[in-house]
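This report concerns only the one structure given below.
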Amino acid sequence: SLHDALPILTNQVCVRLDAAAAGSDGDAVRGFSDGAAHERAQGSAASADRLAGTLELMLTGEAVTEEETAEACQAAASAHCQSVSVYSGLTAVAAKQLQGTDVKVCALVGWPHGAASASAKAAEALDAVMNGAGEIEAAMNFGLLRSRKWKDAAEDLKTVIAAVGGRVPVRAAAGACFMSEAELVKACAVAKAAGAESVSVYTASGNMSDAVRRTAVARSTLGAGVEIKAGVVSDMSDVPRLREAGAARIGACPQALKSF
């Protein structure tokens with residue numbers, strides 16, 4: 001968007017002014033350049049803060065260690081991300097690391113395909129809450145969804161939501177990369193009917209056009225009352241497109257923070 005691009009444009013102008021000041025004897029040029037550089041720095045910082053405030057840093061790699069979790073949480077806190085999502089078994093580690101910060105811990109439950117029984121996922125979610133999770137992201141049962149067992153899929157998710165008992169928000173993870181767009185529409189409708197407060201829409205890594213399109217499909221299906229998390233991004237330049245498509249939060253891999 002123009003708002004987010006403005007600091008970049010300002011930076012380009014100031015680089016030219018700085019070069020002019022370096023080769024000129026005019027104090028006026030130097031003074032203007034210094035003032036513009038100061039404004040540029042403030043604008044760039046504000047833009048970065050806005051973008052970081054929409055991010056959920058996702059630690060979903062294989063065999064994530066406690067040390068890696070602690071390090072990523074430190075990076076998320078420094079960048080003022082909105083949240084960090086971890087496998088439920090690492091909830092306590094993340095919660096301890098983020099204590100006293102404004103970054104939430106989101107515990108991933110039933111990941112990645114939601115294939116565990118509803119009661120097992122319910123117990124996992126409750127355990128994560130007891131260990132400090134500020135949010136739960138529960139994987140919907142993709143097998144039930146793809147089998148068009150909509151009622152069973154809704155009951156599965158309701159069981160998890162009921163176990164949490166309103167202690168923290170519950171987000172439903174709709175694995176868009178496993179589904180056709182028609183199946184995604186139905187999955188979003190099921191999540192909303194089950195009482196999920198938000199829905200995650202994930203797509204294949206690197207296919208940003210597909211991610212934008214599916215985010216827009218989810219936004220159209222869910223309406224204004226249910227928040228969407230989209231992603232996963234590895235570059236901050238992709239964030240504005242997903243925001244414009246209707247995502248309030250963006251899932252990001254740790255690599256994305258390096259692009260600040």
query: How does the hydrophobic cluster around Leu144 look, that is, which other residues are in it when side-chain heavy atoms under 4.5 Å mark a link?
result: none

Under 3.5 Å: donor-acceptor pair, side chain of [X], backbone of [Y]:
| X | Y | value |
| --- | --- | --- |
| Asn141 | Gly114 | yes |
| Asp235 | Asp238 | no |
| Asp127 | Ala123 | no |
| Tyr87 | Thr60 | yes |
| Thr101 | Val103 | yes |

Qualifying residues under side chain to side chain donor-acceptor pair (under 3.5 Å), relative to [X], sequence neighbours excluded:
| X | result |
| --- | --- |
| Ser220 | none |
| Arg249 | Glu56, Gln82, Ser83, Glu135 |
| Ser198 | Arg171 |
| Thr221 | none |

- prompt: Can you list the steps and then say if Val129 with Val164 is a side chain to side chain contact (heavy atoms under 4.5 Å, CB included)?
  reply: CA-CA 7 Å; Val129 172; Val164 172; 4.3 Å; yes

task: Start with the C-alpha distance between Lys121 and Asp156, add both sets of side-chain angles, then the distance that settles side chain to side chain contact (heavy atoms under 4.5 Å, CB included), and finish with yes or no.
output: CA-CA 9 Å; Lys121 287 187 288 188; Asp156 181 89; 2.6 Å; yes

- prompt: Is there a path from Val201 to Leu145 through hydrophobic residues (I, L, V, M, F, W, Y) whose side chains come within less than 4.5 Å of each other?
  reply: no

- prompt: Quick one: do Val232 and Leu184 end up in the same hydrophobic cluster if we chain Ile, Leu, Val, Met, Phe, Trp and Tyr together by side-chain heavy atoms under 4.5 Å apart?
  reply: no

task: Tell me, please, which residues at least two apart from Arg219 pass side chain to side chain contact (heavy atoms under 4.5 Å, CB included).
output: Leu222, Ile228

Considering only heavy atoms from C-beta outward, does the side chain of [X] approach that of [Y] to under 4.5 Å?
| X | Y | value |
| --- | --- | --- |
| Met236 | Leu257 | no |
| Lys192 | Glu197 | no |
| Val84 | Gln97 | no |

message: Applying ring-ring contact (aromatic ring centres under 6.0 Å, His included), can you list everything that pairs with Phe142, at least two apart in sequence or on another chain?
response: Phe178

Hey, could you give me each pair passing ring pair (Phe, Tyr, Trp, His ring centres under 6.0 Å) that has a residue in [range]? Not counting sequence neighbours.
| range | result |
| --- | --- |
| residues 144-171 | none |
| residues 208-247 | none |
| residues 213-256 | none |

From [X] atom [atom1] to [Y] atom [atom2], the distance as rounded to the nearest 0.5 Å:
| X | Y | atom1 | atom2 | result |
| --- | --- | --- | --- | --- |
| Cys106 | Glu137 | SG | CD | 5.0 Å |
| Asp152 | Leu157 | CG | CG | 13.0 Å |
| Ile136 | Ser85 | CD1 | OG | 11.5 Å |

- request: Any salt bridge (Lys or Arg N to Asp or Glu O under 4.0 Å) involving residues 64-92? Give me the pairs, sequence neighbours left out, ordered by first then second residue.
  value: none

- prompt: For Val160 and Ala125, which heavy atoms make the closest approach, and how far apart are they?
  reply: CG1-CB, 3.9 Å

query: For Ser88 and Glu124, does a side-chain donor sit closer than 3.5 Å to a side-chain acceptor?
result: yes

- request: Assess whether side chain to side chain contact (heavy atoms under 4.5 Å, CB included) is satisfied between Thr54 and Leu242, documenting all intermediate values.
  value: CA-CA 11 Å; Thr54 69; Leu242 292 172; over 6 Å; no

- request: Only pairs at least two apart or in different chains count here, so list each side chain to side chain donor-acceptor pair (under 3.5 Å) that has a residue in residues 104-116.
  value: none

query: Is the closest basic N to carboxylate O distance between Lys186 and Glu183 below 4.0 Å?
result: no

message: For Thr69 and Val64: C-alpha separation, side-chain torsions, deciding distance, then whether side chain to side chain contact (heavy atoms under 4.5 Å, CB included) applies.
response: CA-CA 7 Å; Thr69 299; Val64 179; 3.5 Å; yes

task: Report, as yes or no, whether the 6.0 Å neighbourhood of atom NZ on Lys96 holds more than 12 heavy atoms from other residues, nucleotides or ligands.
output: no

